[in-house]
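Below: one structure, written as structure tokens.
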Amino acid sequence: MDTALECMPCFKRMAVREAQIACPDNPALREEIVARWEALLPRLDMDEPPPAIARLLAELVREVSGCRDLYVEDKRAANEFVLGLLPSLEERVEAARATGDALSLALELSIIGNYIDRGVELEFDLEKELANVAGSVSPDALAAFRQQAQPGASVLILGDNTGEIVLDTLLVRELSRLGCDVTYAVRSRPVLNDATMADAEAVGMTDLCLVVESGVDTPGTVLSRCTPEFLQRMRESDVILSKGQGNFEALNGVWAGVFCAFKVKCPRIARKTGLNFGESALCVSIGDGDGAEDDHA
């Protein structure tokens, strides 16, 4: 997806918020970050997806403030909070196995975790959302995912946020139980509150499946930022499950056949998916092929 004019207010709010986080006691540096970002906006390549634009802001904040990971404490707290909820959620998924609904429940719970997104400003009650989840995604898309996630299938999950990655462990466990060969991908550099290898290790994901870095430093799997090795892994996977709106923005239109699972968090994506703001999306990306015809990396 390209970046639209309606994305600009979100980027401006993000610049102010990240300037405040990076430079809480230095008004001059906060003003410099915001002023330089405002000056950069008219020169942005609007053909790039929003996650590619967000990377430029992250680089600017790092350059001015010297802060490598703005959300390090936020990420730790999110992982710890959701880890505290995990035992009861594991019991729910285990109980759902009796009715054959464990995979759908694990997937829906993992989508609820996509609310934990510092790229947007949302108010939500995670525990309430998790308690009420049931039948929240397209039955047709879910059936198609089930059909492809057969025993022996290689499933590549493109991870997104911290906190959310804890809920993704439920999904990885269930796919592995069904006989799938699961690989989980994380970002290669801190950006927003997205999960990195350190987070995968902290929440136990590395004990459940192979975890790899995609190479990206963007809050979405922007193909031009992926390593050649990771692009090859994408090509060779039987099933790709993309978590998060940023991954959807990066892949839809350029890589066909990816299952995209996320919370709808802006009006533009609502129009694109035909869903309402705040609903859970499970859809299949469109594109001209596997997205890898060019030398992206």
Side-chain angles (χ1 to χ4, degrees), residues 1-2 48-52 103-104 106-108 110-111 113-114 117 137-150 153-161 164-165 168 171-172 174-175 180-188 194-195 209-216 218-266 268-270 272-275 279-294 296-297:
M1 290 180 61
D2 60 2
E48 292 282 348
L103 178 62
S104 59
L107 178 55
E108 290 183 286
S110 78
I111 294 174
N114 189 236
D117 184 350
V137 298
S138 163
D140 291 341
L142 182 57
F145 181 72
R146 283 180 179 276
Q147 185 176 20
Q148 292 192 32
Q150 294 292 317
S154 58
V155 180
L156 174 62
I157 300 176
L158 308 180
D160 193 24
N161 303 319
E164 179 180 1
I165 190 177
D168 289 345
L171 180 59
V172 169
E174 205 55 34
L175 287 168
C180 296
D181 180 14
V182 184
T183 300
Y184 192 92
V186 295
R187 315 293 190 220
S188 292
D194 290 16
C209 67
L210 174 65
V211 180
V212 299
E213 293 184 345
S214 61
V216 304
T218 49
T221 307
V222 176
L223 297 179
S224 62
R225 309 299 297 180
C226 293
T227 62
E229 294 79 11
F230 187 73
L231 290 173
Q232 186 63 28
R233 184 180 292 278
M234 290 181 68
R235 296 185 191 100
E236 293 174 352
S237 297
D238 296 320
V239 185
I240 300 177
L241 176 66
S242 162
K243 293 295 307 298
Q245 185 171 288
N247 280 331
F248 174 76
E249 291 172 325
L251 295 173
N252 192 53
V254 295
W255 197 300
V258 175
F259 288 93
C260 299
F262 58 96
K263 274 294 182 181
V264 176
K265 289 174 282 193
C266 80
R268 187 183 186 212
I269 299 300
K272 193 79 173 178
T273 59
L275 297 172
E279 286 189 311
S280 294
L282 178 63
C283 56
V284 180
S285 66
I286 60 173
D288 296 329
D290 67 0
E293 295 86 359
D294 302 323
H296 293 287

Partners meeting salt bridge (charged side-chain N to carboxylate O under 4.0 Å, His left out) with [X] (sequence neighbours left out):
X      : answer
Asp181 : none
Arg233 : none
Glu174 : Arg97, Arg177

Report task. Could I get the full list of side-chain contact (heavy atoms from CB on, under 4.5 Å) partners for Glu229, not counting sequence neighbours? Result -> Thr227
Query - side-chain contact (heavy atoms from CB on, under 4.5 Å) partners for Gln232, two or more places apart - result: Arg235, Glu236
Just jot down the side-chain hydrogen bond (donor to acceptor under 3.5 Å, both in side chains) partners of [X], sequence neighbours excluded, or say none.
X      : result
Ser138 : none
Thr221 : Asn247
Lys265 : Asn114, Asp117
Gln147 : none

Minimum heavy-atom separation for [X] to [Y], with atom names?
X      : Y      : result
Gly159 : Arg187 : O-NH1, 3.5 Å
Ser110 : Leu171 : OG-CD2, 4.0 Å
Cys209 : Val182 : CB-O, 3.3 Å
Ala52  : Thr218 : CA-CG2, 4.2 Å
Ser285 : Cys260 : CB-SG, 4.0 Å
Ile111 : Ala281 : CD1-O, 3.8 Å

Query - Value rounded to 0.5 Å, distance of CG in Leu158 from CG in Leu241 - result: 7.5 Å
Query - Spatial distance of atom OG (Ser188) from atom CZ (Arg225) [nearest 0.5 Å] - result: 10.5 Å
Query raised in the report: Quick one: salt bridge (charged side-chain N to carboxylate O under 4.0 Å, His left out) pairs with a partner in residues 239-262, sequence neighbours left out?
Result: Glu164-Lys243, Asp168-Lys243
Query - With sequence neighbours excluded, residues passing ring-ring contact (aromatic ring centres under 6.0 Å, His included) with Phe259 - result: Phe145
Query raised in the report: How would you list, by chain and number, every residue that makes a ring-ring contact (aromatic ring centres under 6.0 Å, His included) with Tyr184, sequence neighbours excluded?
Result: none
Requested in this report: Take Asp238 and Ser154 through the side chain to side chain donor-acceptor pair (under 3.5 Å) test and state the conclusion after the steps.
Outcome: CA-CA 5 Å; Asp238 296 320; Ser154 58; 3.2 Å; yes
**Report entry** Val186 vs Asp194, side chain to side chain contact (heavy atoms under 4.5 Å, CB included): CA-CA, chis, key distance, verdict
**Finding:** CA-CA 8 Å; Val186 295; Asp194 290 16; over 6 Å; no
Report task. Take Phe248 and Asp160 through the test side chain to side chain contact (heavy atoms under 4.5 Å, CB included) and record every step on the way to the result. Result -> CA-CA 11 Å; Phe248 174 76; Asp160 193 24; over 6 Å; no
Requested in this report: Determine, step by step, whether Ser242 and Phe262 satisfy the side chain to side chain contact (heavy atoms under 4.5 Å, CB included) criterion, reporting the C-alpha distance in whole Å, the side-chain angles of both residues, the deciding distance to 0.1 Å, and the verdict.
Outcome: CA-CA 8 Å; Ser242 162; Phe262 58 96; over 6 Å; no
Requested in this report: Evaluate side chain to side chain contact (heavy atoms under 4.5 Å, CB included) for Met234 paired with Ser214, printing each intermediate quantity in order.
Outcome: CA-CA 10 Å; Met234 290 181 68; Ser214 61; over 6 Å; no
